[in-house]
Each structure stands twice: as C-alpha cells, then as structure tokens.
K.L.:
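Encoded as structure tokens, here's the structure I'll be asking about.
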Amino acid sequence: MSDIHLKKLTKSYGSHAAVGGIDLKIAEGEFFSLLGPSGCGKSTTLRMIAGFVQPTGGQILIGSDDVTTLPPERRDIGIVFQNYAIFPHMNVADNIGFGLKLRKRPREEIRTRVADALRQVGLSGYEERYQRQLSGGEQQRVALARVLVTEPRILLLDEPLSALDKSLREEMKYWIKDLQKRLGITTVYVTHDQDEALTMSDRIGVMQKGRIEQVGTPEEIYERPRTLFVTTFIGHSNVIDVTVDRGGGADMTVMLEGFPLPTRGPENLNAGQPAKLVIRPENIVIDPGADVTVRFPATVLGESYQGALVRYRLAVGGQEIVAERQNSVGNARFLPGASVTVGWDPGRSEALVA
Ligand code: ADP
C-alpha cells in the first residue's frame with residue numbers, strides 16, 4: 001500500500017493542455033475520485049499515474065518512489081477499465097492467473113493466489129467458467145480479481161461501472177467500496193457520475209478543463225462548493241444574485257431584494273460587490289418556525305409533484321428560487337399565487353464570487 005503524490009502534473013497535446021497542472025496528495029488507503037464532465041482530463045491523469053501516457057511536465061510519486069518515467073509494468077499498479085476485456089478463450093482461473101504465469105510463478109502458487117483472489121471478489125467456485133457464462137457484474141469482478149491477484153500497491157479504476165445497467169451499477173458501487181475498504185488499497189476512481197463519486201469516495205477532486213477545481217469529502221463538495229462550476233455540476237442549486245453587505249468570511253451578510261441575509265463566503269468578497277448566493281433546494285424551508293434566522297417573503301409560482309417530495313418554484317422579488325419539501329403526512333401543500341415565508345439556516349448557504 002502506498003500514497004500517491006502528483007506534483008505540477010501536466011499533459012499537452014500540441015497547444016491543448018489536457019491536464020494543466022495538478023498538485024494532489026492521495027493518502028494511503030484512501031478512495032479518491034476524479035469527477036468531472038467528459039473531456040476534462042480525468043482519464044489522462046489516471047493514465048499518467050498508470051504509465052500509459054507520458055507527462056509533459058511534473059512528477060508522480062508512489063510512496064517514496066518517483067515513477068514519472070517508469071514503464072507501467074514497473075509501477076506496481078492495477079488498473080481496471082470500462083470494458084473489462086477478459087479473454088473469451090480462457091476460463092476464469094486462467095484469466096486471473098495470466099499475469100502470474102507471465103511472471104513464471106510456480107503452478108501451485110498460481111492456483112492458491114487465484115483461489116484467494118476469487119474469494120476476495122466473492123466468486124469462489126467460478127474457476128472453470130468462461131466469459132459467456134458470466135453476467136456483466138461477474139465479468140467486472142473477474143477483471144478486478146485479475147488485477148488484485150498481482151497485489152498491486154495502488155488500484156486505478158477508469159469508469160469501471162459505465163458498461164453495466166443501472167441496477168447492477170447501484171449494487172456494484174457499494175460492493176467495490178466495501179472491497180476497497182476491506183483491502184485498504186489506495187484507489188483512484190475516474191467517473192463523470194456524481195452519485196458514484198459521492199457514494200464511494202473518501203475524497204473527491206472535481207475537475208474542469210484539465211484542472212482540479214475543488215478537493216474535499218463528499219459532504220464538503222456537496223454542501224460547501226467553492227466555485228460556481230462545482231455548484232452546478234454537483235446536484236441542483238439555487239444560484240441567486242445578491243450584493244455583499246458586510247465583507248467576506250464566516251459571518252458575512254448579503255442583500256437579496258432589500259433583505260439582509262447572513263451567510264458565509266470567501267474573504268475576498270467586499271461590501272458593495274455583486275455575488276452569487278448558493279443554496280440547495282432541500283435546505284429551503286417554506287413557512288419555517290420561529291427558530292430560523294433567515295426569513296423573507298416569497299410567492300409560490302408553481303409546484304410539481306415528485307412522489308417523495310414536492311418541488312416549488314418561488315418568486316423572491318424578480319428572482320426565482322426552487323425549494324423542495326418532503327411529501328409527508330401533515331405537510332400542507334401550497335398553491336400557485338400563495339404568499340409564503342421562506343427561510344433557511346445561514347450555515348446552509350454560501351456566497352461565491354460572481
Ligand atoms: P476525460 O477522461 O475527462 O473525459 P480525457 O483525459 O480523456 O478526458 O481528455 C482530456 C482532453 O485531452 C480532451 O480534450 C481530449 O480530447 C484530449 N486528448 C486526450 N487524449 C488525447 C490524444 N491522445 N491526443 C490528443 N488529444 C487528446
């Protein structure tokens with residue numbers, strides 16, 4: 001097991017910077033996800049760690065070893081891709097033992113290690129099966145076993161679930177996370193799927209245009225997004241135009257349609273500056289009790305029934321915000337045109353540089 005340290009890592013194709021300078025430390029045993037839209041440089045970063053793509057600049061350390069110029073087979077890593085590509089003409093045992101056979105390990109050792117790897121992925125007894133006798137999820141487990149059998153220092157996963165259907169993907173994401181925790185193996189996971197990243201990761205690096213915009217735990221990324229890009233990429237957010245009333249930091253105030261709203265924000269936001277106030281729909285309370293400090297009037301524009309919750313569109317002055325409310329017994333519904341009070345806990349909102 002090892003930590004990973006990327007120092008000023010870059011990769012350019014001609015004048016295009018696919019990865020524009022990444023500084024990142026991934027701790028030993030950590031499950032770290034690189035999350036971002038297609039083309040933001042996630043795979044290129046992963047492939048540089050693996051050794052399949054040579055960086056234009058910067059350094060890659062695995063543990064204390066500088067592996068920047070080492071070929072992939074000397075980096076002691078395991079990598080699983082979206083298309084798990086297990087050999088169709090070999091049975092499961094031969095697929096998993098293939099790497100060990102290439103390394104000329106004794107036959108008995110290969111048999112034991114293959115059995116151990118199959119046990120790790122919950123497929124004991126599958127040795128004699130062929131690819132056509134395996135479901136998609138089982139094939140992906142075989143692909144993982146094939147990597148784990150070599151006992152790599154780090155595990156790299158490049159969109160490993162995207163070829164699976166939705167229900168299997170749900171099941172596999174918990175399964176992979178459990179396996180990773182049990183093995184304690186440092187893991188870098190590439191995905192464009194925010195649900196996967198939020199569910200599985202210890203920390204997430206949100207990428208845009210070859211750079212990491214924010215690194216944090218799933219809670220930090222979801223609840224305290226630092227940039228508008230992170231805010232809009234992860235979940236749904238209200239992004240409301242406000243003016244800074246009292247300067248940035250933990251106890252700043254912004255003005256929304258004449259109402260002073262306490263919130264928090266970056267230190268470099270000063271009084272008089274325009275800013276964006278970000279708040280998640282589930283954190284907006286309609287008709288709050290007296291214990292909510294942030295309160296102001298709004299008008300219901302429309303409601304949409306979503307089953308477990310009801311989503312309201314509300315007008316606050318000239319701006320529209322969205323609030324979600326649990327559709328539980330005793331929760332009144334509000335009709336379009338109704339005048340309501342909306343409120344929230346100031347710790348749930350965040351002011352951002354406009
Ligand atoms: P992601 O994995 O986030 O979808 P990639 O790392 O695959 O993104 O790609 C990042 C950028 O680098 C994209 O603009 C892509 O077109 C470009 N790119 C990736 N590989 C190559 C290559 N071999 N040659 C030229 N451009 C590339």
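Whatever order the structure lists ligands and atoms in, that order sets their numbers, starting from 1.
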K.L.:
May I ask you to establish whether R146 and F98 are in a cation-pi arrangement, using a distance under 6.0 Å from NZ or CZ to the six-membered ring centre and at most 45° from the ring axis?
P.N.:
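Output no; distance or angle outside limits.
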K.L.:
Does H192 have a non-hydrogen atom less than 4.0 Å from ligand 1?
P.N.:
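In this structure, H192 fails to qualify as a contact of ligand 1 - no heavy atom is under 4.0 Å.
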K.L.:
Can you tell which of P37, G14, G36, G41 gets a heavy atom nearest to atom 8 (O) of ligand 1?
P.N.:
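It is G41 that holds the nearest heavy atom.
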K.L.:
Parallel, tilted or perpendicular for F81 and F52, by the 30°/60° rule?
P.N.:
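F81 vs F52 ring planes: tilted.
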K.L.:
Among all the protein's non-hydrogen atoms, which is closest to atom 15 (C) of ligand 1, and how far away is it?
P.N.:
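Going by distance alone, atom 15 (C) of ligand 1 is nearest to H16 NE2, 4.8 Å.
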K.L.:
How long is the gap from CG on L157 to CE on M200, to the nearest 0.5 Å?
P.N.:
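Separation between the atoms: 7.5 Å.
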K.L.:
In the protein, which heavy atom is nearest to atom 12 (O) of ligand 1, and how far is it?
P.N.:
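I find the closest protein heavy atom is A18 CB, 3.1 Å.
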K.L.:
With respect to atom 10 (C) of ligand 1, which of G39, G210, S43 exhibits the smallest heavy-atom separation?
P.N.:
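Residue with the shortest heavy-atom distance to the ligand atom: G39.
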K.L.:
Side chains of L161 and I176: closer than 4.5 Å at any heavy-atom pair?
P.N.:
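L161 reaches I176 side chain to side chain.
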K.L.:
Starting from atom 19 (C) of ligand 1, what is the nearest protein heavy atom, named by residue and atom, and what distance separates them?
P.N.:
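Residue, atom and distance for the closest contact: Y13 CE1, 3.7 Å.
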K.L.:
Please step through side chain to side chain contact (heavy atoms under 4.5 Å, CB included) for the pair L179 and R141, ending with a clear verdict.
P.N.:
CA-CA 11 Å; L179 177 73; R141 290 186 194 207; over 6 Å; no
K.L.:
Residue-level breakdown please: for M207 versus ligand 1, do any non-hydrogen atoms fall below 4.0 Å on the side chain, on the backbone, on both, or on neither?
P.N.:
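Neither part.
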K.L.:
Please report which non-hydrogen protein atom sits nearest to atom 5 (P) of ligand 1, along with the residue it belongs to and the distance in Å to one decimal place.
P.N.:
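Looking at atom 5 (P) of ligand 1, the protein heavy atom closest to it is T44 OG1, 3.5 Å.
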K.L.:
Kindly assign one of parallel, tilted or perpendicular to the pair Y189 and F31, based on the angle between their ring planes and the thresholds 30° and 60°.
P.N.:
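Rings of Y189 and F31: tilted, 30 to 60°.
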K.L.:
Between K181 and D178, does any NZ, NE, NH1 or NH2 come within less than 4.0 Å of an OD or OE carboxylate oxygen?
P.N.:
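So D178 does not pair with K181 through a salt bridge.
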K.L.:
With a cut-off of 4.0 Å, which atoms of ligand 1 are near a heavy atom of C40?
P.N.:
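Here the atoms of ligand 1 in question are 1 (P), 3 (O), 8 (O).
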